[in-house]
Chemist: 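Can you read through this structure? Questions will come right after.
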4 protein chains.
Amino acid sequence: MRQLGRPPSDSTRKPTNERILVTAADLFLVKSYQEVSMDDVAEACNVTKATVYYYYKTKTRLYTEAMVGLMNRVRSKINYFLEEENSLYDQLVNIAEAYLHVATELDTERFMHSARNSLSDDQIKAIQKAEEAMYSGIEDAIREADEKGDIHTENPAFAVRAYIALVKIGLYHNADGESLFNDKENKAKQIVEFFWRSLEK
Amino acid sequence: MRQLGRPPSDSTRKPTNERILVTAADLFLVKSYQEVSMDDVAEACNVTKATVYYYYKTKTRLYTEAMVGLMNRVRSKINYFLEEENSLYDQLVNIAEAYLHVATELDTERFMHSARNSLSDDQIKAIQKAEEAMYSGIEDAIREADEKGDIHTENPAFAVRAYIALVKIGLYHNADGESLFNDKENKAKQIVEFFWRSLEK
Amino acid sequence: MRQLGRPPSDSTRKPTNERILVTAADLFLVKSYQEVSMDDVAEACNVTKATVYYYYKTKTRLYTEAMVGLMNRVRSKINYFLEEENSLYDQLVNIAEAYLHVATELDTERFMHSARNSLSDDQIKAIQKAEEAMYSGIEDAIREADEKGDIHTENPAFAVRAYIALVKIGLYHNADGESLFNDKENKAKQIVEFFWRSLEK
Amino acid sequence: MRQLGRPPSDSTRKPTNERILVTAADLFLVKSYQEVSMDDVAEACNVTKATVYYYYKTKTRLYTEAMVGLMNRVRSKINYFLEEENSLYDQLVNIAEAYLHVATELDTERFMHSARNSLSDDQIKAIQKAEEAMYSGIEDAIREADEKGDIHTENPAFAVRAYIALVKIGLYHNADGESLFNDKENKAKQIVEFFWRSLEK
DNA sequence: GATGAATGAGATTTCATTCAT
DNA sequence: TATGAATGAAATCTCATTCAT
């Protein structure tokens with residue numbers, strides 16, 4: 001066991017509170033809010049439960065901050081792809097590809113549902129705002145393309161959600177463990193193609 | 001006060017085990033697997049916890065049977081719409097409309113996720129099979145329409161999932177509680193229109 | 001360890017819930033609300049913590065019911081002494097004697113203080129009512145004696161509290177462990193004498 | 001924003017250790033030993049918990065010193081009243097009045113009870129000694145009056161405790177929040193009158 | 001068929017205390 | 001002098017499950 005009291009400073013390591021946040025986010029991605037115990041988080045971080053509580057006063061706070069942090073990181077990645085000199089179509093393929101490579105589903109509906117009864121209204125809102133921010137880059141890009149006349153859509157907000165929902169299907173495996181796609185390499189491309197057809201003029 | 005003696009047999013009342021199953025399904029729809037306790041189920045059924053255990057030896061069994069039952073009921077409804085003398089397009093609109101009226105999301109991904117770590121492999125498979133069966137009617141209809149040349153799709157299985165995923169977006173409300181659609185009456189129609197464009201030849 | 005599940009019935013034993021209540025009262029008499037843990041109660045009753053919670057959903061409920069029960073028992077004892085064919089003076093001596101023999105202080109102020117921040121308003125009131133009921137017999141007797149002209153007091157309610165407070169001093173021991181009374185046998189008599197002088201006409 | 005650099009020495013401010021002691025005493029007056037956490041003390045003092053520990057190595061020490069300090073301060077006040085040129089009767093009224101104005105009960109029995117199981121024997125003794133010292137002035141005054149023949153009592157030590165106990169009743173409020181006294185202005189006078197009758201020759 | 005009684009394991013949270021800086 | 005970081009131990013409470021009736 002670790003010694004009691006403040007440990008000797010180690011500037012090479014990331015600060016503990018950040019480590020906890022990232023680790024917790026990882027766990028909450030795979031298991032649901034209720035399934036991840038504070039003990040689990042502590043153990044995964046190599047600290048004691050009390051240390052987790054030192055930084056995050058309640059489990060709901062930890063959850064909220066972990067989720068918001070995670071979504072912000074994803075937003076950065078998405079926006080990175082959107083800043084490349086590319087057609088919107090190609091950008092969407094890239095994002096989809098990246099998404100499908102992460103493999104674990106970033107299902108915000110699920111996040112909210114499993115935690116909704118535990119979180120406070122403010123916490124729910126904070127996560128939802130982060131989620132909307134995550135996708136707002138895509139929405140802007142779609143709106144822009146619509147205004148330029150490259151595509152046609154009457155409801156860009158819906159279009160984004162549609163895009164996200166379709167991409168997620170790429171991760172689906174049926175009861176026998178088979179994907180819906182024979183050609184796994186081109187999953188992303190096929191999905192975006194399907195989506196894109198709804199936007200063509 | 002309860003009356004003395006054996007209660008007059010109430011033939012309208014469903015047998016206890018079925019009542020438990022349906023009630024449990026209702027609860028699992030709103031809360032996650034972990035959030036619904038056996039006590040909750042018992043209370044909602046007006047029986048004791050021991051009675052629930054009398055019929056269902058474990059919580060996972062109860063969950064599995066409740067979910068499978070629920071999905072079978074949904075399948076019947078879906079197939080009922082598919083049997084009407086209608087174009088596929090109209091049938092899809094009807095199904096979407098019904099779905100959006102139920103309001104609580106029948107999110108099988110979520111069901112599986114929140115319970116996956118608790119259920120046995122067999123139980124997971126049973127639920128997944130029921131889920132696939134739930135949508136197989138739509139898949140058949142799409143395949144048929146493709147063969148008749150009414151639409152074009154290379155991956156009917158994906159198309160069904162896409163349809164379901166898109167319909168679900170109709171239930172989405174953002175952080176401020178607003179729907180993505182201004183015209184709430186025609187949500188279902190708009191969604192199916194969007195979907196249909198991807199299937200047109 | 002005990003076996004799981006319902007134990008074989010044993011009609012000789014007092015029902016578990018009563019045993020818990022009485023045992024808890026004993027503990028709360030010696031230690032404060034916070035110092036008595038639910039584990040302590042369980043251990044003292046030879047049941048598990050979960051059993052205690054089976055009967056009393058929260059610690060505050062257990063505390064409230066235990067205290068009210070205790071006070072009711074004391075009330076019976078007091079009233080028993082008051083029903084004897086005796087002068088009020090002698091009755092008060094008897095009660096004081098009994099009180100001083102119990103040795104542990106039944107200090108309701110203390111009970112309330114240590115628990116006040118934990119109990120609900122209703123719970124506090126319930127205990128206070130039980131406390132008032134405990135002493136109401138004495139108050140009636142004093143009022144009666146006043147009306148008969150045996151004594152004189154303008155504030156019977158205060159007189160009771162005074163009586164109780166004075167009796168409690170009989171239990172006091174100073175820093176060196178010495179009582180305030182040399183003649184331990186006649187403590188009760190001396191105290192009541194002191195009290196009585198304030199009531200004489 | 002806090003100003004940069006060393007703060008100008010604030011000679012009006014008491015040294016930290018004294019501030020902690022007084023603040024802690026305030027807290028322990030309202031809540032019990034167990035209910036006041038070191039965090040509470042730290043927060044109320046605007047220092048960190050570690051600072052509290054820098055001055056007081058354990059919670060029991062802090063408690064002991066805070067209580068002793070408090071009682072010493074009360075002793076000074078009592079003795080101040082006793083030094084005035086007044087009859088003992090009037091002095092007792094003044095003390096009672098002051099006591100009833102403070103409103104929070106200085107119930108040493110309660111203090112001891114709630115902490116007894118945590119404090120060391122020495123610590124308990126220290127507090128008890130301080131308590132006795134607190135009241136010794138009154139005891140001396142009563143003994144003196146007895147010797148002068150103004151009053152009669154066989155047990156001055158008991159008389160003091162009786163006096164204190166009776167005064168405390170002035171703070172009592174029943175379950176409906178009502179005081180025992182209609183004439184709130186003259187509470188102190190009525191109580192001392194009651195007490196005094198027991199001392200008259 | 002249905003229930004009341006009991007439990008073991010584990011969850012969240014609190015808190016006095018320690019130690020390097 | 002004062003503090004931030006960390007911990008071990010314990011407290012309250014929950015819950016799936018078992019068993020005698």
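Owing to the predicted nature of the structure, the values given are computational and were not obtained by experimental measurement. No hydrogens, no waters, no symmetry mates; every other heavy atom, side chains included, goes into these values. Chain letters run A, B, ... following the sequence lines, proteins first, then strands; residues in each count from 1.
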Chemist: On DNA chain E, check which nucleotide each of Thr60(A) and Asn17(C) is closest to and give me the residue with the more 5' one.
Modeler: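 By nearest-heavy-atom nucleotide position, the 5'-most residue is Asn17(C).
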Chemist: For residues Cys45(B) and Arg19(B), report the shortest heavy-atom separation together with the two atoms involved.
Modeler: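 Closest heavy-atom pair between Cys45(B) and Arg19(B): O-NH2, 2.6 Å.
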Chemist: Which nucleotide, dG8(E), dT17(E), dC15(E), lies nearest any side-chain atom of Thr48(C)?
Modeler: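 Closest nucleotide to the Thr48(C) side chain: dG8(E).
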Chemist: Round to the nearest Å and state the distance from Leu62(D) atom CG to dT17(E) atom P.
Modeler: 10 Å
Chemist: Tell me the interatomic distance from Asn46(B), atom CG, to dA2(E), atom P, rounded to whole angstroms.
Modeler: 13 Å
Chemist: Taking only side-chain N and O atoms of Tyr55(D), does any of them lie within less than 4.0 angstrom of OP1 or OP2 on dA2(F)?
Modeler: yes
Chemist: If you assign Gln34(B) and Val52(A) each to the DNA chain F nucleotide with the nearest heavy atom, which residue ends up on the more 5' nucleotide?
Modeler: Val52(A)
Chemist: Dot-bracket notation for DNA chain F is requested: 5' to 3', Watson-Crick or G-U wobble pairs only, both distances under 3.5 Å, with ( ), [ ], | and . as defined.
Modeler: .||||||||||||||||||||
Chemist: Quick one: which of dA2(E), dT7(F), dT14(F) gets closest to the side chain of Thr51(B)?
Modeler: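 Within the option list, the nearest is dA2(E).
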Chemist: Using only side-chain N and O atoms of Tyr54(D), determine if any of them is under 4.0 Å from OP1 or OP2 of dA2(F).
Modeler: no
Chemist: Between Glu18(B) and Pro15(B), is there a donor-acceptor pair closer than 3.5 Å when you use the side chain of the first and the backbone of the second?
Modeler: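 Checked: no pair found.
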Chemist: For the residue pair Met71(C) and Phe111(C), establish whether any side-chain heavy-atom pair is separated by less than 4.5 Å.
Modeler: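 Met71(C) vs Phe111(C): side chains touch.
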Chemist: Expressed in angstrom and rounded to an integer, what is the separation of Ile20(C) atom CD1 from dA6(E) atom P?
Modeler: 8 Å
Chemist: Could you state the NZ-C1' distance from Lys57(C) to dC15(F), rounded to the nearest angstrom?
Modeler: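 To the nearest whole Å, that distance equals 13 Å.
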Chemist: Whole-Å distance between dT12(E) P and Asn117(A) CG?
Modeler: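 About 16 Å, once rounded to whole Å.
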Chemist: What pair of heavy atoms forms the shortest contact from Asn17(B) to Tyr56(B), and how long is it?
Modeler: O-OH, 2.9 Å
Chemist: So if I take every side-chain heavy atom of Lys59(B) and compare against dT12(F), dG8(F), dA16(F), which nucleotide ends up nearest?
Modeler: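 My answer, after comparing the listed nucleotides, is dA16(F).
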Chemist: So, for Leu27(A) and Val36(A), which heavy atoms are closest and what is the spacing to 0.1 Å?
Modeler: O-CG2, 3.7 Å
Chemist: Return no unless some side-chain N or O of Thr16(A) is found under 4.0 Å from OP1 or OP2 of dA5(F).
Modeler: no
Chemist: Round to a whole Å and report the spacing from CG of Asp39(D) to C1' of dA5(F).
Modeler: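 Answer to the nearest Å: 13 Å.
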Chemist: Could you tell me the separation between the CD atom of Glu43(A) and the C1' atom of dA11(E), rounded to a whole number of Å?
Modeler: 15 Å
Chemist: Between dT17(E) and Lys49(D), counting only base atoms on the nucleotide and side-chain atoms on the residue, is there a donor-acceptor pair under 3.5 Å?
Modeler: yes
Chemist: What pair of heavy atoms forms the shortest contact from Met38(A) to Val52(A), and how long is it?
Modeler: CE-CG1, 3.7 Å
Chemist: Could you state the OH-P distance from Tyr56(D) to dC15(E), rounded to the nearest angstrom?
Modeler: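 Atom-to-atom, Tyr56(D) to dC15(E), this comes out as 21 Å.
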Chemist: So which heavy atom on Ala42(C) is nearest to which on Thr48(C), and how close?
Modeler: CB-C, 3.6 Å
Chemist: Output the single nucleotide from dT7(F), dC13(F), dT3(F) whose closest atom is nearest the side chain of Val47(A).
Modeler: dT7(F)
Chemist: Pick the nucleotide of DNA chain E nearest each of Thr58(D) and Thr58(A); which residue has the one closer to the 5' end?
Modeler: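 The residue closer to the strand's 5' end, by nearest nucleotide, is Thr58(A).
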Chemist: Relative to the ring of Tyr33(C), is the ring of Tyr63(C) parallel (under 30°), tilted (30 to 60°) or perpendicular (over 60°)?
Modeler: perpendicular
